[in-house]
Amino acid sequence: MRRFKNRVSWAGLLASTVLAATALAQDSSLPPLPIEATGTVQSLPAKYPDEWFLVHDASFFHMSDGKVYVIDTSADTVAEQVKGMFNVVLMGNIGQSRRRGEIYAAETFHSRGTRGTRMDVLTIWDMASLAPKGEVVWPTPKRYMGMPQRFAVTPIDNDNLLLVVNFTPATSVTIIDLDTREIVNEVATPGCLMAYPTGQRGFSSLCADGRLMSTQLARDGSLIKQTRSDVFFNSDDSPIFEHTAFIEGTAYFPSFSGEVYPVNMQGKVAQVGKPWDLVTKEERAGNWRPGGIGLIDADDHGHFYILMHPDGADGTQNGGGSEVWVFAAAKRERVLKIQLQAWGLSLAVSRGKKPMVLVTNPTDMSLELYDGTSGEYIRSVKDFGQETPLMLHASYQD
Amino acid sequence: MRRFKNRVSWAGLLASTVLAATALAQDSSLPPLPIEATGTVQSLPAKYPDEWFLVHDASFFHMSDGKVYVIDTSADTVAEQVKGMFNVVLMGNIGQSRRRGEIYAAETFHSRGTRGTRMDVLTIWDMASLAPKGEVVWPTPKRYMGMPQRFAVTPIDNDNLLLVVNFTPATSVTIIDLDTREIVNEVATPGCLMAYPTGQRGFSSLCADGRLMSTQLARDGSLIKQTRSDVFFNSDDSPIFEHTAFIEGTAYFPSFSGEVYPVNMQGKVAQVGKPWDLVTKEERAGNWRPGGIGLIDADDHGHFYILMHPDGADGTQNGGGSEVWVFAAAKRERVLKIQLQAWGLSLAVSRGKKPMVLVTNPTDMSLELYDGTSGEYIRSVKDFGQETPLMLHASYQD
Amino acid sequence: MNFLDDLFERRSRQLAQRSSRRGVLKQLGGLLVGAAAVPLLPVARAVAAPQAAPKAPKEMGDESDCDYWRYCAIDGFLCSCCGGTKNSCPPGTEMSPITWIGTCRNPADGRNYVISYNDCCGKSSCGICLCQRDEGDRPPYRSDKTNDINWCLGTASAVYHCSTAIVVGVALDKGAK
Amino acid sequence: MNFLDDLFERRSRQLAQRSSRRGVLKQLGGLLVGAAAVPLLPVARAVAAPQAAPKAPKEMGDESDCDYWRYCAIDGFLCSCCGGTKNSCPPGTEMSPITWIGTCRNPADGRNYVISYNDCCGKSSCGICLCQRDEGDRPPYRSDKTNDINWCLGTASAVYHCSTAIVVGVALDKGAK
């Protein structure tokens with residue numbers, strides 16, 4: 001601290017740096033360094049390793065300059081952790097296709113930065129080059145803009161079709177053919193939002209009236225049928241989060257109050273199962289509840305991970321939690337509690353044999369990595385230029 | 001500090017806030033609040049008071065989202081200090097016309113945010129409405145992009161013409177008719193940069209070979225004559241800053257080493273006067289030097305204000321200073337030293353009877369206000385959403 | 001110790017406020033289908049205060065404070081801190097006509113008022129006085145109650161700047177949200 | 001005490017680094033007039049190291065550290081920290097062909113090398129490892145020596161992302177800058 005109170009030391013610091021850099025040993029008999037090529041640009045593997053995450057920094061204070069960083073969480077230093085980035089403008093959303101090696105980003109431009117004509121665009125990023133390889137422009141701008149979501153840009157049908165959620169506030173889903181990169185259809189989803197993959201070629205949406213609506217599509221993206229489920233929750237009194245984790249075709253939707261609704265998405269129509277408790281009676285007395293933005297994710301071993309906080313109340317549901325609880329979904333059993341270093345706002349879980357949990361710590365907007373099996377804290381990812389890394393994605397979101 | 005270590009307190013904090021808001025006294029016999037209009041938008045005076053400044057936050061970490069805040073430094077709270085803002089995209093520069101009540105911002109857009117077609121635009125902001133009232137588009141993008149400058153967007157000729165500096169790296173000045181809002185000319189300034197108002201209808205530029213080049217224009221913006229001065233400094237060994245303060249038609253250019261060059265800009269051609277020392281022999285021994293970005297500005301009383309730091313060396317010239325020194329220019333006399341709270345990177349001085357000095361403190365990117373007469377620290381302006389407020393402008397830059 | 005004060009103030013703000021795009025502005029009505037519609041408000045239009053009334057309508061508190069009564073369901077940057085006021089936009093922005101409605105209790109008269117949270121749009125994040133109060137907030141599928149959506153809809157620009165809180169009536173009952 | 005460490009690290013970076021748009025990339029030559037030109041470099045092209053040489057060319061230090069020898073005149077975000085390397089761009093960016101040349105001494109062999117600081121362009125500020133070393137920096141009117149200019153010139157996009165430091169030859173003399 002003293003060095004910042006001492007007003008003359010800063011310049012001195014600079015000067016000493018210079019001296020240090022020239023005071024090393026040297027061997028003048030070494031051959032000179034060769035001339036190096038200019039114009040070299042790095043590339044990445046077409047399929048990202050399990051330890052890599054996509055970190056979506058919506059830049060809440062500079063939304064025109066949102067960023068998605070590709071982060072290798074297995075590395076120790078920021079220079080090794082950061083593999084690259086791309087911009088996503090104005091509260092965008094992303095999706096991924098493992099098969100195509102592509103990342104899809106729904107974003108919005110204005111002809112004069114923050115004003116002028118609005119243009120909604122799906123930008124298709126090549127995972128290996130991190131360069132744009134195509135785009136799809138909305139005929140009328142209407143894409144969903146808000147806090148980042150996992151199921152607002154969703155590939156389905158073995159990644160032949162891409163679904164992008166719209167909100168004007170009328171709700172619909174734009175359907176894009178990923179071979180031709182053209183919009184093939186727009187399906188209204190009255191009163192329902194988001195696009196959770198359902199069956200071979202369909203999706204479900206959560207409805208304000210406490211139902212799920214399942215939409216079946218034909219191969220060309222045309223609408224076959226829309227089916228509404230029975231009412232299974234009350235969005236006033238017992239709301240569920242729009243965030244969910246998929247395990248073997250079942251989507252687990254947590255409720256504000258600490259239950260989880262398993263929804264079988266393997267058929268043409270979502271089948272809502274019986275909810276079960278995430279919390280014990282004692283924990284309920286302490287008002288332990290789920291909370292956060294990207295608050296739930298799954299690993300490859302049948303577990304889902306969810307941010308939990310005590311003293312929950314009306315108003316705490318978006319604030320994150322102090323612990324991550326891990327559940328074996330099929331057994332309805334909690335298998336681990338991870339005490340976070342400070343607090344968590346969003347999380348994502350890596351695929352593969354050794355699940356790792358990456359958590360946004362909102363106290364300093366760093367990311368913290370935890371061992372998903374032992375709960376051990378591994379390391380932090382910080383100082384990567386982030387402002388508000390509000391949504392995390394495992395490198396493949398199957 | 002304890003409350004952040006206590007992991008359950010955050011939710012409790014929220015809850016108590018809610019309780020506090022409902023625990024106040026009430027009088028139910030009061031008539032109800034009237035229905036209020038929607039759609040109301042505030043406006044500002046056409047001529048800003050002396051205490052107002054334009055704070056240019058180039059947002060170095062989010063340059064697509066640069067901002068200029070209009071700040072009333074006479075107010076105590078951020079809610080009263082912030083009068084409004086507008087965006088300036090990608091390391092823009094601004095100028096002002098008191099007569100027209102306009103702010104000019106040179107900015108750059110790309111058709112896809114950070115990629116696609118580049119477009120350079122001068123946006124004309126109405127000072128009263130802070131809305132854009134016109135724009136001028138460059139036929140070929142070439143405007144100067146870099147750290148913010150005071151003399152890259154310069155009105156001259158009683159604000160009939162506006163000069164905007166270009167750099168490709170070829171250097172030129174685009175001349176805009178402010179009545180018609182059209183580009184009327186582009187004048188090459190080979191080897192010379194910036195546009196310092198000179199004479200009735202001209203400007204001077206600083207040249208790499210240590211000269212000034214003065215350009216005279218006709219009423220329609222066409223070129224009459226360009227005149228190069230003698231060499232008066234060496235840009236390798238005795239460089240001067242491109243930043244300057246105008247006092248009664250004379251521009252004071254500080255040198256890296258602590259001299260100041262008075263340049264009479266009242267005639268058609270810049271006349272370089274004899275340089276004089278800003279530092280005493282003792283101060284020179286301590287390597288007191290000027291430094292910073294917007295490091296010099298003038299008041300209405302013949303004084304200029306300059307950021308100074310001790311232990312100066314090659315490499316410290318852009319880093320700012322621990323003190324502001326005030327000089328009576330005509331007398332070549334230092335009249336005040338202001339010890340800054342921590343450090344200063346840029347400054348601006350208000351017009352009018354009571355000059356006030358606003359300084360960017362780079363340790364927390366706040367602004368600090370000092371009395372220009374007594375040197376007394378008045379208040380800080382902070383928490384206004386700033387990232388890197390690198391250039392400050394008094395509300396009128398005559 | 002200004003550095004420390006500053007730090008904790010900042011951490012505090014981050015903890016309390018950055019955790020969500022609080023609804024900023026929200027939408028009238030529930031199931032809007034096909035196109036924007038203007039549903040009926042759960043509002044009894046307040047009678048204008050009589051001119052000669054011995055008592056005047058009253059509010060209390062600081063409108064640049066997140067705890068101010070009108071902000072019970074706001075989320076975003078307070079326009080009061082951005083050159084606007086609690087019920088008007090900063091210069092050069094445009095007020096969104098599509099909003100979310102909250103019901104807040106005025107502690108001065110004990111009444112519940114319907115508050116329309118109109119966003120101001122067309123300039124980027126004001127960045128000042130970020131205020132997150134998630135009371136009654138619901139996920140975005142419940143669009144009439146969500147604050148996670150950008151409500152700069154129906155404006156020339158979709159860019160969010162700050163949020164206002166406008167009294168549009170007295171609530172018929174406390175439950176109306 | 002992580003909060004404090006963090007704070008001071010941040011302050012330190014701010015003080016040392018944020019104070020200027022360090023030249024990032026700079027331009028060959030002095031008085032470019034009318035159009036971009038490629039002036040002669042003060043460079044003796046280094047002979048490629050002989051294949052069977054008993055000794056190999058050598059560098060020392062951490063290329064993600066601002067103190068690394070090649071960065072003597074750099075200003076900006078180090079591409080080494082952004083998914084690139086000291087002499088290559090991060091994925092999906094484009095290297096600017098127009099650069100500023102610095103002369104840095106390699107402490108491993110005691111030679112002065114001409115370093116070309118090529119910007120990588122087309123994505124916004126990498127935001128990592130901001131490195132400001134103003135040695136030899138001159139104001140923008142001295143464009144061959146300035147680091148206050150955005151050198152994303154001649155690229156498809158003018159948006160600055162990070163800076164590289166590429167060995168383009170051995171300097172004829174120490175004074176060449």
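Order of the sequence lines fixes the chain letters, A, B, ..., with proteins taken first and strands second; residue numbering starts at 1 for each chain. All values derive from a computational prediction rather than experimental measurement.
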Which bit of C:Asn106 comes within less than 4.5 Å of chain B, counting heavy atoms only: side chain, backbone, both or neither? side chain

Heavy-atom contact with chain B under 4.5 Å, split by part of C:Ser80: backbone

Applying a strict 4.5 Å limit to non-hydrogen atoms, the region of B:Ser28 in contact with chain C is both

Is any NZ, NE, NH1 or NH2 atom of the basic residue among B:Glu36 and C:Arg70 found under 4.0 Å from an Asp or Glu carboxylate oxygen of the other? yes

Is the shortest heavy-atom distance from the side chain of B:Lys83 to the side chain of C:Pro91 under 4.5 Å? no

Please name the pair of heavy atoms, one in C:Asp109 and one in B:Pro31, separated by the smallest distance, quoted to 0.1 Å. OD2-O, 4.3 Å

Where do B:Asn87 and C:Ser124 come nearest, in terms of heavy atoms and distance? ND2-OG, 2.7 Å

Contact part of B:Ser29 toward chain C, heavy-atom cut-off under 4.5 Å: side chain, backbone, both or neither? both

Would you indicate whether the side-chain heavy atoms of C:Ser125 and B:Lys67 approach each other to under 4.5 Å? yes

Mind checking whether B:Met85 and C:Pro90 have side chains closer than 4.5 Å, heavy atoms only? no

Residue from C:Cys126, C:Gly122, C:Gly61 scoring the most non-hydrogen pairs under 4.5 Å with chain B is C:Cys126

Can you name the nearest heavy-atom pair linking B:Leu33 to C:Tyr113, along with the distance? N-OH, 2.9 Å

Sort out for me which of B:Ala128, B:Ala131, B:Ser366, B:Ser129 touches chain C most, counting heavy-atom pairs under 4.5 Å. B:Ser129

Nearest heavy-atom contact between B:Ala37 and C:Ile166 is O-CG2, 3.8 Å

Contact leader toward chain B among C:Gly84, C:Gly83, C:Ser64, where contacts are heavy-atom pairs under 4.5 Å: C:Gly83

C:Ser88 and side-chain contact (heavy atoms from CB on, under 4.5 Å): which single residue from B:Thr38, B:Val41, B:Thr40 fits? B:Thr40

Taking all heavy atoms of C:Cys81 and all of B:Val82, pick out the closest pair and write down the distance. O-CB, 3.5 Å

Against chain B, label C:Cys79 side chain, backbone, both or neither, depending on which of its atoms sit under 4.5 Å from a heavy atom there. neither

Answer yes or no: are there more than 12 heavy-atom neighbours, outside C:Lys58 itself, under 6.0 Å from its atom NZ? no

